[in-house]
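Structure, as structure tokens:
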Amino acid sequence: MGTPSLSPWAVLGLALGLVALWAPCVVSEQPNFIVILADDVGWGDLGANWAETKETPHLDQLAAEGTRFVDFHSAASTCSPSRASLLTGRLGVRNGVTHNFAISSLGGLPLNETTLAEVLREAGYSTGAVGKWHLGHHGHHHPSSRGFDYYFGIPYSHDMGCTDTPGYNVPPCPPCPRHGTTAREARKDCYTEVALPLLENVTIVQQPVELGSLAARYAEEAERFIQRASDSGRPYFLYLALAHMHVPLSPPLPPAPGRGIYGASLSEMDALVGRIREVADSHGKGNTLLWFAGDNGPWAQKCELAGRLGPFVGAWQRQRGGSSAKQTTWEGGHRVPALAYWPGRVPARRTSHALLSILDIFPTLVALAGAALPPNRRFDGLDVSPVLFGWSDVGHKVLLHPNSGAAGKVGEIEALRLAQYKAFYTTGRGAMACDGSTGPAERHQPPLIFNLERDLQEQEPLDVASREYQAVLPAISRAYAQALQDIAADNVSVADYSQDPAAIPCCNVQHVGCRCRGAHGATPGPHVEKRTPRLCL
């Protein structure tokens with residue numbers, strides 16, 4: 001568990017001799033930061049992780065020229081809580097974001113929580129967010145009020161609104177209605193009443209979004225932000241939250257034989273990351289840390305449109321029905337691909353087995369920027385600079401995994417990692433598998449315990465009567481009790497999850513589905529449309 005005065009040496013237990021190594025490698029000037037967050041991406045979607053994956057040459061090159069983290073975890077296994085934890089360094093039970101916000105949500109990430117962008121902007125950084133937000137869009141919850149100088153993207157997931165070109169989904173969703181007399185076709189899990197909006201700062205510039213060109217527009221806006229920030233002479237922080245690999249998938253070209261829709265979309269994401277890396281390098285190679293990670297595991301109920309888990313299949317749960325990926329506390333739900341690239345700083349061709357989390361991005365970047373963590377709160381993330389620079393391979397001693405929509409109360413700590421051991425207190429029900437099953441909800445007291453060192457598939461829990469189980473249970477129980485006590489003693493926030501239809505982003509309430517004028521038929525080009533804003537929120 002972190003504290004406001006995090007010391008990498010104390011937290012990570014490094015030998016005193018490493019202090020001498022720090023001195024020649026102190027960052028003499030504030031580096032640039034690019035955090036790229038992929039959506040619903042599987043650990044096995046990275047070719048460097050899983051040999052069967054062939055669609056990620058640019059990411060694999062980043063892995064070859066940087067460090068690959070193979071035991072890296074999201075802080076939750078669904079969208080809003082994971083993103084809130086990245087930007088605060090705190091779990092949902094502390095920052096208040098325990099489940100996803102809706103298109104009509106009045107609230108968002110609580111305003112008393114301090115974001116990474118706010119800390120870095122105060123430290124002199126130019127801050128930009130491109131892509132999915134999903135931390136509240138109404139009023140002061142919008143990214144423009146949460147520390148970002150510039151925002152371009154969609155306020156929530158891109159399946160939370162209709163489009164004219166719906167892309168690939170399971171089940172498929174209909175396009176937006178075009179006329180008031182058009183019969184509205186209601187389908188489960190499809191948004192048919194309101195078109196998906198695209199925002200630049202607080203202005204809707206397109207509604208509905210043209211999904212087929214969204215990746216290119218994200219790349220363009222990210223490139224422009226980097227250019228503007230570089231021209232200004234200020235260091236920058238770019239948070240690029242991709243639509244990939246969340247459904248609906250909209251690959252730009254028909255997939256090549258044998259690759260499928262998912263493979264084509266994965267290739268598009270990979271090319272986008274490669275483009276951003278090239279742009280960053282062109283503006284001063286060696287002065288920018290690029291950190292790529294996933295927000296959670298694949299969405300199993302999307303079947304062939306879901307990502308690859310690699311070896312983390314959650315076999316114990318699969319045998320009983322239900323998913324062992326997104327929304328669950330099985331490894332497939334929260335173990336995600338992660339890479340760090342910083343020429344001359346982060347070692348190349350290195351694989352780290354340190355137990356790390358998306359929670360660590362906040363305190364690590366704050367430390368590298370020479371800034372201070374916000375006071376009067378506790379942090380779950382660690383400053384993992386020593387791991388980043390290759391001086392250590394020691395991360396968290398204990399890592400907590402909250403419920404993100406499966407059995408139990410959302411946000412509750414339902415699983416715990418201690419070294420190679422993982423304990424489950426609740427499993428099942430809530431996360432749907434491709435076959436439609438959810439599996440029974442089960443409470444485990446004493447907990448199920450798996451040894452991940454020899455059972456990555458989480459297939460066979462330790463026998464309760466075994467010597468190994470009895471030896472590790474006391475340490476797990478102590479760690480669990482201490483974690484809950486630490487959370488209870490913290491300055492905990494509460495998110496507002498109330499809803500009002502008036503909070504739904506709509507550029508023209510007079511038009512069916514909130515369609516903007518000019519959005520019928522062919523959509524104007526991105527540069528033209530960006531200069532003709534539709535509505536200020």
Side-chain angles (χ1 to χ4, degrees), residues 1-2 40 42-43 69 71-86 88-95 97-100 293-298 300 309 312-314 316-317 322-336 338 354-360 379-382 395-431 439 441-445 447-452 455-458 461 472 475-477 479-484 486-487:
M1 309 299 292
D40 289 3
W43 189 91
F69 306 109
D71 203 354
F72 190 96
H73 300 261
S74 60
S77 55
T78 195
C79 304
S80 296
S82 179
R83 290 154 203 274
S85 291
L86 187 159
T88 65
R90 288 155 53 87
L91 287 165
V93 287
R94 299 186 196 272
N95 66 40
V97 181
T98 56
H99 53 290
N100 288 342
D295 73 332
N296 50 247
L309 294 170
F312 307 107
V313 297
W316 188 92
Q317 184 63 60
S323 167
S324 57
K326 179 178 178 175
Q327 297 182 302
T328 79
T329 51
W330 299 98
E331 289 294 290
H334 53 75
R335 192 184 291 227
V336 293
L355 180 58
L356 303 182
S357 169
I358 207 168
L359 292 157
D360 304 329
F379 293 86
D380 299 289
L382 307 175
H396 290 258
K397 293 181 180 178
V398 175
L399 198 59
L400 308 176
H401 300 300
N403 174 32
S404 300
K409 181 181 178 182
V410 289
E412 273 192 349
I413 306 304
E414 295 189 342
L416 176 147
R417 175 81 177 272
L418 176 66
Q420 75 267 35
Y421 295 101
K422 185 174 175 187
F424 288 84
Y425 293 89
T426 307
T427 57
R429 195 175 182 86
E442 297 183 56
R443 295 278 184 179
H444 304 282
Q445 196 56 256
L448 293 179
I449 300 178
F450 294 83
N451 184 335
L452 298 181
D455 186 13
L456 289 176
Q457 296 183 340
E458 294 172 301
V472 74
I476 286 175
S477 298
Y480 188 62
Q482 289 169 2
L484 297 183
D486 185 76
I487 292 165

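As the structure is a prediction and not an experimental result, all values here were calculated from the model.
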Residues Lys326 and Ala431: closest non-hydrogen pair is O-CB, 3.8 Å

Side-chain (Thr98) to main-chain (Gly92) donor-acceptor, under 3.5 angstrom: no

Heavy-atom closest pair, residues Ile449 and Val472: CD1-CG1, 4.0 Å

Would you mind reporting whether Ser324 and Glu458 have side-chain heavy atoms less than 4.5 Å apart? no

Answer whether the closest heavy-atom distance between the side chains of Thr78 and His99 falls below 4.5 Å. no

Test log, rule side-chain contact (heavy atoms from CB on, under 4.5 Å), inputs Phe379 and Thr88: CA-CA 8 Å; Phe379 293 86; Thr88 65; 5.9 Å; no

Once you round to the nearest 0.5 Å, how far does CD of Glu412 lie from OG1 of Thr329? 12.0 Å

Before accepting this row, confirm whether a basic side-chain N of the pair Lys422/Asp455 lies closer than 4.0 Å to the acidic partner's carboxylate O. no

What I'd like to find out is whether the side chain of Asp380 reaches to under 4.5 Å of the side chain of Arg94, using heavy atoms alone. yes

Checking the side chain of Ser77 only, and the main-chain atoms of Gln327 only, is there a donor and an acceptor separated by less than 3.5 Å? yes

Nearest heavy-atom neighbours spanning Cys79 and Asp295: CA-OD2, 3.9 Å

Which distance, rounded to the nearest 0.5 Å, do you find between the CG of Leu484 and the CG of Leu416? 9.0 Å

Under 3.5 Å, side chain of Asp71 to main-chain N/O of Leu356, donor-acceptor pair present? no

Determine the minimum heavy-atom distance between Ser80 and Asn100, stating which atoms define it. N-OD1, 2.9 Å

With sequence neighbours left out, write down each residue that passes ring pair (Phe, Tyr, Trp, His ring centres under 6.0 Å) with Tyr425, or none if nothing qualifies. Tyr480

For Leu452 and Glu331: C-alpha separation, side-chain torsions, deciding distance, then whether side-chain contact (heavy atoms from CB on, under 4.5 Å) applies. CA-CA 10 Å; Leu452 298 181; Glu331 289 294 290; 3.8 Å; yes

Parallel, tilted or perpendicular, as decided by the 30° and 60° cut-offs, for the rings of Phe450 and Trp330: perpendicular

At their closest point, which heavy atom of Leu359 faces which heavy atom of Ser85, and how far apart are they? CD2-CB, 3.6 Å

According to salt bridge (charged side-chain N to carboxylate O under 4.0 Å, His left out), who are the partners of Asp360, at least two apart in sequence or on a separate chain? none

Separation of Glu442 CD from Thr426 OG1 (nearest 0.5 Å): 10.0 Å

Quick one: pull up CG in Asn403 and OG1 in Thr427 and give me the separation to the nearest 0.5 Å. 11.0 Å

Side-chain H-bond candidate by donor/acceptor type, Ser82 with Asn296, under 3.5 Å: no

Give a yes or no on whether the backbone of Ala419 and the side-chain of Arg417 come within a donor-acceptor separation of less than 3.5 Å. yes

Backbone N/O of His401 and side chain of Glu414: donor-acceptor pair under 3.5 Å: no

Mind listing the closest non-hydrogen atom pair of Pro298 and Leu309 along with its distance? CD-CD2, 3.6 Å

Supply the atom-to-atom distance Tyr421 OH to Asn451 CG, rounded to the nearest 0.5 angstrom. 4.5 Å

With rounding to the nearest 0.5 Å, note down the distance linking CG in Leu399 to NE2 in His73. 6.0 Å

